[in-house]
Amino acid sequence: MGSVFQIVMRILVDYHHHALLVSLYKLFAERLGWTVYIPVGMEWYDNEYWSIGDIENSNIRFEMAKQFLLSPLLPPFTVKTAETPKLEYAFLSDVREGLKFDVVLSSVPRRFVSYEKLVKDFDMKSKLIFQAGNNFSHNCSHIINVKNLLTSSNGPYHYYPAPNKIHYHQEFDLGLFRPDKRCVVKSVSNFQNFMCKPDLFSGLELSIPSWRFHSFGAGNRETLNSVALVAAWTRQTGFVWHVKTLDEGYGHIIHNAFACGKPLITDTRYMTVYHQGDIPNTACSLYTPETIIDIKDMSLEDVKKEVLRRSDNYDYYSEKVYQKFKEVVDFDREFIEIKAFLERLV
């Protein structure tokens, strides 16, 4: 294939997570100048070149495929605009007529197999990358052939035996996610869809009636329909509530919060869940006693007292959070390392 930087490359990237797609566009289109394609149209699903995962119910699989493959249902970022000049739709009919990709990237284990089939059936000679943003099991049968692993999750990087692999942080817009001294200090916001432990959040809200509490996301009280709005509310809030009892791979919300200098209210019991529970999640490198309020051994009253205490010296704690982000995350430095990874594609 030659150097991946000598010519304009075409890459087909998976779409299953909005923030992930934004990060892939920033990497491949904005930084490298490649043309980024996303699969569109149910032909991908009907011909088994796109799959959603190991879901037995065929009706659920079909409805989920429609959500990610039909352009009228795609979120705003996936619609080609002046802000995304290098984003293109890939219809399977285009592939049949000769469209080929230099690189094909999957971010779902089951879809890696589908893309292997795509590359083989159309004799593309494409390099295949598996992007792990979640802690996918390194024993998963769908990804046993992965040779190039681009992962923002610690678990797969530590355990998966890919000959070419790199750990990185998914990039987002630091012009949007930035500190703002004009924020409402006495406020707490949740940005996680289908919030875990909502009763605890409500309990804290009732215990501090003079504070503002917001619960954004699907299944919650309020919704936000763009990255710009998520960033605006993150900048405006005082504390970010992220008590997640599910697996956390990369942690978009957490990294967004730290980039804005927002102290995090979280429960670290659920931050080392991979394999035997001995691998800290990526976001754990941001955690110190001064950057987070770890509620794992705290009563509701204890949480209330700690939030109030930190609000009295908010600038100090906010600066600690932001400085920790700057210490841990450097998108420019990591880009140099990613370029070396891409030059080594197997």
Side-chain angles (χ1 to χ4, degrees), residues 1-53 55 58 61-133 142-143 145-148 150 170 338 342 345-346:
M1 184 171 65
S3 173
V4 296
F5 312 113
Q6 291 175 350
I7 58 175
V8 176
M9 306 280 283
R10 295 191 184 104
I11 180 170
L12 177 73
V13 305
D14 218 354
Y15 165 55
H16 84 277
H17 186 288
H18 185 70
L20 171 60
L21 179 59
V22 171
S23 73
L24 293 175
Y25 186 85
K26 292 188 76 65
L27 170 59
F28 292 110
E30 294 183 1
R31 284 190 179 269
L32 286 169
W34 295 9
T35 302
V36 175
Y37 290 79
I38 58 172
V40 172
M42 291 300 287
E43 272 195 294
W44 287 87
Y45 177 78
D46 295 337
N47 290 273
E48 299 183 349
Y49 294 121
W50 192 98
S51 55
I52 194 64
I55 300 173
S58 59
R61 290 202 307 270
F62 182 76
E63 290 302 317
M64 293 183 73
K66 284 168 57 178
Q67 178 183 348
F68 293 108
L69 289 173
L70 293 184
S71 56
L73 302 178
L74 297 176
F77 182 82
T78 62
V79 177
K80 294 180 287 185
T81 69
E83 295 180 353
T84 56
K86 291 186 173 294
L87 179 68
E88 297 289 346
Y89 293 158
F91 295 91
L92 193 58
S93 58
D94 297 328
V95 175
R96 289 198 176 99
E97 291 174 6
L99 174 64
K100 295 185 183 296
F101 309 105
D102 302 287
V103 179
V104 175
L105 180 147
S106 170
S107 57
V108 176
R110 183 64 182 83
R111 208 164 300 148
F112 184 80
V113 179
S114 299
Y115 287 169
E116 281 185 307
K117 181 177 183 293
L118 176 79
V119 170
K120 179 180 178 181
D121 287 356
F122 292 96
D123 193 27
M124 290 191 186
K125 306 294 189 296
S126 311
K127 302 296 185 180
L128 283 159
I129 297 175
F130 181 64
Q131 193 281 339
H142 302 311
I143 52 177
N145 292 327
V146 168
K147 301 294 190 296
N148 305 296
L150 177 69
Q170 293 179 35
I338 293 172
L342 294 172
L345 289 181
V346 179

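Values below: all heavy atoms of this structure, side chains included; hydrogens, waters and symmetry mates excluded. Here the structure is a predicted model, which is why all the values come from computation and not from measurement.
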Can you confirm whether [X] sits close enough to [Y] that some side-chain heavy atom of one is under 4.5 Å from a side-chain heavy atom of the other?
X	Y	value
Leu342	Phe28	yes
Leu24	Tyr15	no
Tyr37	Ile11	no
Pro39	Leu12	yes

Tell me the closest heavy-atom pair linking [X] and [Y], and the distance in Å.
X	Y	answer
Tyr45	Leu69	CB-CD1, 3.9 Å
Ser23	Gln170	OG-OE1, 3.6 Å
Tyr89	Val40	CD2-CG2, 3.6 Å
Leu128	Phe112	CB-CE1, 4.0 Å

**OP:** Output yes when Lys125 and Asp123 qualify as a salt bridge under the 4.0 Å nitrogen-oxygen rule, no when they do not.
**Re:**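 Between Asp123 and Lys125 there is a salt bridge, with a charged N closer than 4.0 Å to a carboxylate O.
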N/O donor-acceptor pair under 3.5 Å between [X] side chain and [Y] backbone:
X	Y	result
Ser126	Val119	no
Trp50	Gly41	no
Lys147	Asn145	yes

Hey, could you give me the [atom1]/[atom2] distance between [X] and [Y], rounded to the nearest 0.5 Å?
X	Y	atom1	atom2	result
Lys26	Leu21	NZ	CG	12.0 Å
Ser106	Arg111	OG	CZ	6.5 Å
Phe101	Phe122	CZ	CZ	10.0 Å
Asp94	Glu43	CG	CD	9.5 Å
Leu150	Leu105	CG	CG	6.5 Å

side-chain contact (heavy atoms from CB on, under 4.5 Å) between Met42 and Lys66, intermediate numbers included
CA-CA 7 Å; Met42 291 300 287; Lys66 284 168 57 178; 3.8 Å; yes
* Check the pair Arg96 / Asn47 against side-chain contact (heavy atoms from CB on, under 4.5 Å), numbers first and verdict last. => CA-CA 12 Å; Arg96 289 198 176 99; Asn47 290 273; 3.4 Å; yes
Which residues pass the salt bridge (Lys or Arg N to Asp or Glu O under 4.0 Å) test with Arg31, not counting sequence neighbours?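 Partners of Arg31 by the salt bridge (Lys or Arg N to Asp or Glu O under 4.0 Å) criterion, ordered by chain and then number, come out as Glu171, Asp332.
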All salt bridge (Lys or Arg N to Asp or Glu O under 4.0 Å) counterparts of Lys117, not counting sequence neighbours
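Partners of Lys117 by the salt bridge (Lys or Arg N to Asp or Glu O under 4.0 Å) criterion, ordered by chain and then number, come out as Asp121.
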Residues which pass ring-ring contact (aromatic ring centres under 6.0 Å, His included) with [X], listed by chain and number, not counting sequence neighbours:
X	result
Tyr115	none
His142	none
Phe130	Phe136

Worked verdict on Met124 versus Val95 for side-chain contact (heavy atoms from CB on, under 4.5 Å): CA-CA 10 Å; Met124 290 191 186; Val95 175; 3.4 Å; yes
**Item:** Counterpart residues, side chain to side chain contact (heavy atoms under 4.5 Å, CB included), relative to Ser107 (two or more places apart)
**Value:**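 Partners of Ser107 by the side chain to side chain contact (heavy atoms under 4.5 Å, CB included) criterion, ordered by chain and then number, come out as Asp14, His16, Leu20, Gln131.
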